[in-house]
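In what follows, every chain begins at residue 1, and chains take the letters A, B, ... in the order their sequences are listed.
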Amino acid sequence: MPELPEVETIARQLRGLIVGRTIAHFRSDWRRLTEPEPADLFAARLAGRAIRGVRRRGKLVVMDLDDGEALIVSLRMTGQLLFREKEVEAHPYRRAHIAFTDGTALEFADTRKFGRMAIVDATALDGATHAPRRVGEPLHRFLGVEPLSRAFTVRWLRDFLARRGRSAIKPLLLDQTGIAGVGNIYDIEALWRARIHPLRTAGSLADDEVGRLHEALRWVLRKGIRYGGATRRDYRDARGKEGRMQREFNVYDRAGDPCPRCGAEIVRTVVGGRGTFHCPRCQRLPRGAARPARSRA
DNA sequence: GGCGATGTTTCCCC
DNA sequence: AGGGGAAACATCGC
């Protein structure tokens, strides 16, 4: 689940838990975690470094080190960063372990092994819209605007949608190079709130719809943060707790349930290869628009 | 046990 | 440019 609200929750917790601590050592036996850098070199670069701050950029957890570098973590599907006050039995899917000099530790658990870590130039993440890049390294791609920042205005969104006018709105919102941090769940919930069909093309949205989408994105992301993120399967926050946002879903994973707004039955389709939920009455596709022919029930 | 689905992202093909 | 599909993995539910 780690989308923007889940990552923000973890980053905020870690800020209070690890800032000021010094790394004693880093251990990992999952080589792809730090690729292309070998884990032992990675460990050597981290040893003795202090954690100066923790923040979020898109779906990345950013741990600022001294010397202007940062340790960034991409949780992907099932990654968890768990703070440990003292020695505990290793998580069954532990992929890395960061021990601090005072005996506390940060454990990285990840069942599906999609998670990645890198040490990067921290300034490259600051305020800029570029993440550091290194050829072939998935963490280092271009990241778009932060949807909860002041830079994300209705005007920006309108221009963005116009530029990418031919794309369907649902997969477009998932593109991290446009808006950074939106994942499948909040995408679906925001489109429902804005009453926009997932297959509408970006360029076809009227001004009032763009305004609603802008409000809806910020509203669902903020609510997700307020509720500590959403738990689906493996999500746990930095304290090992589940979020509460999953109880607040209006359409996500609710096929067959009545729409909370109009009572029509929520349907599940597939858009851009992703499971998608919407209300067929509240979220209409205009006559003559692309039919959801490629979607499957 | 088999099949399909899962929150993410990249890559390759058309 | 954008869409589709597969792949990176492991687990879970039907």
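Among residue pairs with one or both ends in residues 96-108 of chain A, those qualifying as salt bridge (Lys or Arg N to Asp or Glu O under 4.0 Å) are A:R21-A:D102, A:R84-A:E107, A:R94-A:E107; sequence neighbours excluded.
Note on A:K59: a side-chain N or O is less than 4.0 Å away from OP1 or OP2 of B:dT9. OP1 or OP2 of B:dT9 has not a single side-chain nitrogen or oxygen of A:R116 nearer than 4.0 Å.
Side chains of A:V73 and A:F108 form a contact here, defined as non-hydrogen atoms less than 4.5 Å apart.
With the nearest nucleotide of DNA chain B identified for both A:R112 and A:Q176, A:R112 has the one nearer the 5' end.
Stretches of at least 3 consecutive Watson-Crick or G-U wobble pairs, with each checked distance under 3.5 Å, appear in DNA chain C as B:2-6 with C:10-14, B:8-14 with C:2-8.
Looking at A:E189 and A:R193, no side-chain N of the basic residue comes within less than 4.0 Å of a carboxylate O on the acidic one, giving no salt bridge. Between A:D175 and A:R164 a salt bridge is recorded (basic side-chain N to carboxylate O distance below 4.0 Å).
Nucleic acid contact class of A:R274 (heavy atoms, under 4.0 Å, all strands): base. Within 4.0 Å of A:G273, counting heavy atoms only, lies no atom of the nucleic acid at all.
C:dA6 and B:dC3 have their P atoms separated by 15 Å, with the value rounded to a whole Å.
Stacking between A:F114 and C:dA8 is shown: the ring centroid lies under 5.5 Å from the centre of the six-membered base ring, and the planes differ by under 30°.
Residues satisfying the salt bridge (Lys or Arg N to Asp or Glu O under 4.0 Å) criterion with A:E248, sequence neighbours excluded, are A:K223.
Using modelled atom types, one finds no donor on one side chain facing an acceptor on the other under 3.5 Å when comparing A:D237 with A:T9.
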